[in-house]
*Asks:* 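A single structure is presented below for examination.
Numbered from 1 within each chain, the chains take letters A, B, ... in sequence-line order. Only heavy atoms go into these numbers, but all of them, side chains included; no hydrogens, no water, no symmetry mates. Remember, it's a predicted structure, so these values are computed and weren't measured experimentally.
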Protein chains: 2
Amino acid sequence: MSEMTAATPQLLRRVSAGAVLDFMRASGAVTVTEVIQATGLTRATAISVCEDLMQRGWITELENQRAFGGYQKGRPARRFELNERAGFVLGMDVGFSKATVVVSDLRGKALGRASQPFDIEDISAEERVAVIDRAAMMALNGVGASPDAVLAVSAGIAAPVDRKGNVLASQHFWGLFDVGLGSALYKLRGWTVLLENDANLAALGDRWRGAAAGVDDVVVILASERFGSGVIEGGRLLHGSGGGAGELAYLDLVEGVGDTFGIATLARIWAAESLKGTAKTSLRDHAATGAEAEHVFAAAAAGDSEALKILDRLADRMARVIGSVATMINPELVVIGGAVANSAGVLLGPIAARLPEFTATPPRVAVSPLGDSIVTVGAVRRALDYVETNTLDLELNLPA
Amino acid sequence: MSEMTAATPQLLRRVSAGAVLDFMRASGAVTVTEVIQATGLTRATAISVCEDLMQRGWITELENQRAFGGYQKGRPARRFELNERAGFVLGMDVGFSKATVVVSDLRGKALGRASQPFDIEDISAEERVAVIDRAAMMALNGVGASPDAVLAVSAGIAAPVDRKGNVLASQHFWGLFDVGLGSALYKLRGWTVLLENDANLAALGDRWRGAAAGVDDVVVILASERFGSGVIEGGRLLHGSGGGAGELAYLDLVEGVGDTFGIATLARIWAAESLKGTAKTSLRDHAATGAEAEHVFAAAAAGDSEALKILDRLADRMARVIGSVATMINPELVVIGGAVANSAGVLLGPIAARLPEFTATPPRVAVSPLGDSIVTVGAVRRALDYVETNTLDLELNLPA
DNA sequence: GGAACTAAATTTAGATTCCATATAAATTCT
DNA sequence: AGAATTTATATGGAATCTAAATTTAGTTCC
């Protein structure tokens, strides 16, 4: 508290309004009496705050008040609820080959999405931003939302991003986003853009609507092509001094691991190895194009012994990875996320069985149900977090 | 903000008083005008808050007001300062073989200390608590402080302790502290006892008064006998779900490491190994009793080639340890702490030189100047943190 | 030693925000 | 229609803050 704002009487109103908003976010449509019970404010204050928030556009009053909750005696209560259409947020997943944008309302309901590929291999920063903007505008148009109504944008990229949103540009490609995306979209559309590492957003996403819902200490490992992880400790995302927290490159030195290849990559490699041998295996059906992870999992499910061997190796590898992370971080839960998570469920049992070999504090292990939308879900969450913590400082552009 | 306290007018006074206290903690003796400038309050409010805090005993008014700051025109300003003797805090380091207690004033100045050994090997919990209590009373008596004036106690132990202060009793010995120490000292003396892992306290201690002063992302490795670490990320101590964060047992699986032995232990082992050979080395002077780490460092300083080889191995090992931690956590700084830190300075250069082999984000590396008092310093800091965050809820037992 | 000056403390008035209580309104039940 | 019930509004009072005028304490200068 080095820089102190004076404790003006208005501070009280802020605290009260914040409490009412929090309650409404958690509870849907509520009566004034419910607000009173939840916040400890008196009726006069509660109504005054509600009227205030309504005037500013953040909440709306329901009309058919009696109809709502079934039968009720006495004077009908006024009902208020969060105006989920007070504005929108955008969640972006910016990958190497494409950008995906999700439009969400203020309750976190995904209203629409759009993807745009990056055609050329090494296009300029401006063109890249233009592609992302195009995807965003497509998504907004798809739901009939105006760009003016966008209250916050969060974008996930596969590079370290520090707490302040600075990209650590070790590679040329991502360096472009450092100054580019945020300022460009601000200039062009007036949007507040929050950059974040994709694995970190995955962690936020899975903790919001995935396997880690409500868990305060969780590590989410994006495990498809290369391992990367997002770490939430005590409900807070870790960044480290340069945004590198959750990096798993030390696995190069871990016995029985030796690289940071993900499940899909390893399955592909090991399937190819297996096909070099003479063992009889249904994986040969895919010999021409190369067997993918999904084929390996399918073959294993059908009892193919070569595929089962690969799954065994994958479980061992994952147990070592999770074990080392769990030792250092001691999460309650480790979530395997990314596109491969759907099929990775069969690995959970074998992984859990081996974990005690590699850590004294074995966490629960789960796969994320969010699939490859895990990053956009997290990006939406991040943008909503921004809006929720800054609600009383934001001005809404309401349609007159 | 799920459980909401009503925004009463008293909240304002709390905020104002907290701001004034924060300012005084940071600034020594201050005039009302300075308070006004720092907090943005008006003179009337500032004076009212000061009078309030003085009445409660937290601050005192200086007498010789003009004398203080040299020549000054106009009506002399009233000067207030933190009452550093409003109470005391205790910082404890409870090890296997002894307990050390430090008494500190509210400015963090260490006034006295006392140690007591645990004589017998497996004494009961009651006896152990009694020994700790005896050390505490000795330390208090030594500075003429009453037990009633102790506002908070923090104790570091070599076991995982979660965020809430619960000990994870994997071993019988530490299990005793789980229910024992806190409740016993509360019953006996009325003290609020905060249990914490010793490496975590070391991290707090070094960030307060050591090499990491002011650094927000730092890992402190206690490196003497066995590696253990405390992790501070974004200025906050990490615990993990069961207090196990910072545990380094995964090193068992790391190439070139393979165990969690600390610098002192390894120096001892490797010196013994060296003596089994026929190489000429000054370490033979200590062959009878066994060469200790200090002997190895001394011999190396004198140019002994066997000792230098050991230092080389130590540097390699430390670089691997620090590299893996730095990759996962990405701190700005890694501090080597504990009794061995004094001699470990010569390792810093070699470690830093090797670090880029083992991590893409090499941190600065330093040794802590706090030596083996690093845990008690951290314990004092932890207790002060408690007092500072709870100041306005604490009642002082002032000598009438 | 007293007048003028200066900086700080004190007093007074007014604004904001809250709570508590009493009164009024809207609805259902009898 | 009137009683019962629930909610809304109005009124009074308390706490806290700001702002501005006034008083106080000490310094400087003549």
Side-chain angles (χ1 to χ4, degrees), chain A residues 4-21 23 29-56 59 61-81 392, chain B residues 4-21 23 29-56 59 61-81 392:
Chain A
M4 174 63 202
T5 320
T8 64
Q10 287 83 324
L11 176 65
L12 284 184
R13 200 38 178 281
R14 255 188 108 80
V15 173
S16 304
V20 172
L21 269 171
F23 175 59
V30 297
T31 65
V32 174
T33 306
E34 285 161 356
V35 170
I36 292 167
Q37 285 160 358
T39 61
L41 299 168
T42 52
R43 173 157 250 111
T45 311
I47 290 177
S48 155
V49 167
C50 286
E51 224 114 62
D52 233 55
L53 290 172
M54 194 161 59
Q55 206 265 315
R56 294 217 238 168
I59 64 176
E61 184 168 5
L62 300 187
E63 289 307 324
N64 49 347
Q65 308 169 333
R66 186 57 59 105
F68 193 90
Y71 169 76
Q72 212 175 330
K73 288 184 287 189
R75 179 170 173 168
R78 297 171 70 179
R79 285 196 115 84
F80 297 91
E81 72 176 347
L392 298 172
Chain B
M4 174 62 201
T5 319
T8 65
Q10 286 84 323
L11 178 64
L12 282 184
R13 202 37 177 286
R14 256 187 106 80
V15 173
S16 304
V20 172
L21 268 172
F23 175 58
V30 297
T31 65
V32 174
T33 306
E34 285 161 356
V35 170
I36 292 168
Q37 285 161 357
T39 61
L41 298 170
T42 52
R43 186 170 294 279
T45 310
I47 290 177
S48 155
V49 166
C50 286
E51 224 115 64
D52 232 56
L53 290 172
M54 194 161 60
Q55 206 264 316
R56 295 217 238 170
I59 66 176
E61 184 168 4
L62 299 188
E63 289 308 323
N64 49 348
Q65 307 167 334
R66 185 59 58 107
F68 194 90
Y71 169 76
Q72 212 175 331
K73 291 182 282 190
R75 178 169 175 171
R78 299 171 70 178
R79 285 196 116 83
F80 298 91
E81 73 176 346
L392 297 172

*Asks:* Which pair of heavy atoms, one from A:L41 and one from A:A46, lies closest together, and at what distance?
*Replies:* CB-N, 4.4 Å

*Asks:* Give the minimum heavy-atom separation between B:L392 and B:G18, together with the two atoms involved.
*Replies:* CD1-N, 4.1 Å

*Asks:* Shortest non-hydrogen contact from B:E81 to B:A29?
*Replies:* CB-CA, 3.7 Å

*Asks:* Has A:E34 got a side-chain atom pairing as donor or acceptor with A:T31's backbone, closer than 3.5 angstrom?
*Replies:* yes

*Asks:* Let's see if you can work this out: which of D:dT9, D:dT16, C:dC18 has an atom nearest to the side-chain heavy atoms of A:R78?
*Replies:* D:dT9

*Asks:* Indicate yes or no: at least one non-hydrogen side-chain atom of B:R43 is less than 4.5 angstrom from one of B:V35.
*Replies:* no

*Asks:* Under the criterion side-chain contact (heavy atoms from CB on, under 4.5 Å), which of B:V32, B:D52, B:V30, B:V49 is the partner of B:V20?
*Replies:* B:V49

*Asks:* Please report the interatomic distance CD(A:E51) to CD1(A:I59), rounded to the nearest 0.5 Å.
*Replies:* 9.0 Å

*Asks:* Consider the side chain of A:T42, meaning its heavy atoms from C-beta on, and name the nucleotide among C:dA8, D:dC17, C:dC19 that approaches it most closely.
*Replies:* C:dC19

*Asks:* Please give, in whole Å, the distance from C:dC18 P to B:R13 CZ?
*Replies:* 18 Å

*Asks:* Name the closest nucleotide to the A:V32 side chain, picking from D:dA8, C:dA20, D:dT18.
*Replies:* D:dA8

*Asks:* Distance check, rounded to the nearest 0.5 Å: A:L11 atom CG versus B:L12 atom CG?
*Replies:* 6.0 Å

*Asks:* C:dA8, OP1 or OP2 - any side-chain N/O from B:T33 closer than 4.0 Å?
*Replies:* yes

*Asks:* Among D:dT16, D:dT18, C:dA8, which is the nearest nucleotide to the side chain of B:L41?
*Replies:* D:dT18

*Asks:* Does the B:S48 side chain pair with the main chain of B:A44, one donor and one acceptor, at a distance under 3.5 Å?
*Replies:* no

*Asks:* Report the distance from atom CZ of B:R14 to atom P of D:dA15, rounded to the nearest whole Å.
*Replies:* 18 Å

*Asks:* How close or far is atom P of D:dT18 from atom CG of A:L12, stated in whole angstroms?
*Replies:* 12 Å

*Asks:* Output a table of nitrogen or oxygen pairs between the protein and nucleotides 21-23 of chain D separated by less than 3.5 Å.
*Replies:*
none

*Asks:* Could you identify which residues of residues 43-52 of chain B place a heavy atom less than 4.0 Å from some atom of DNA chain C, listed by residue number, or say none?
*Replies:* B:R43, B:I47

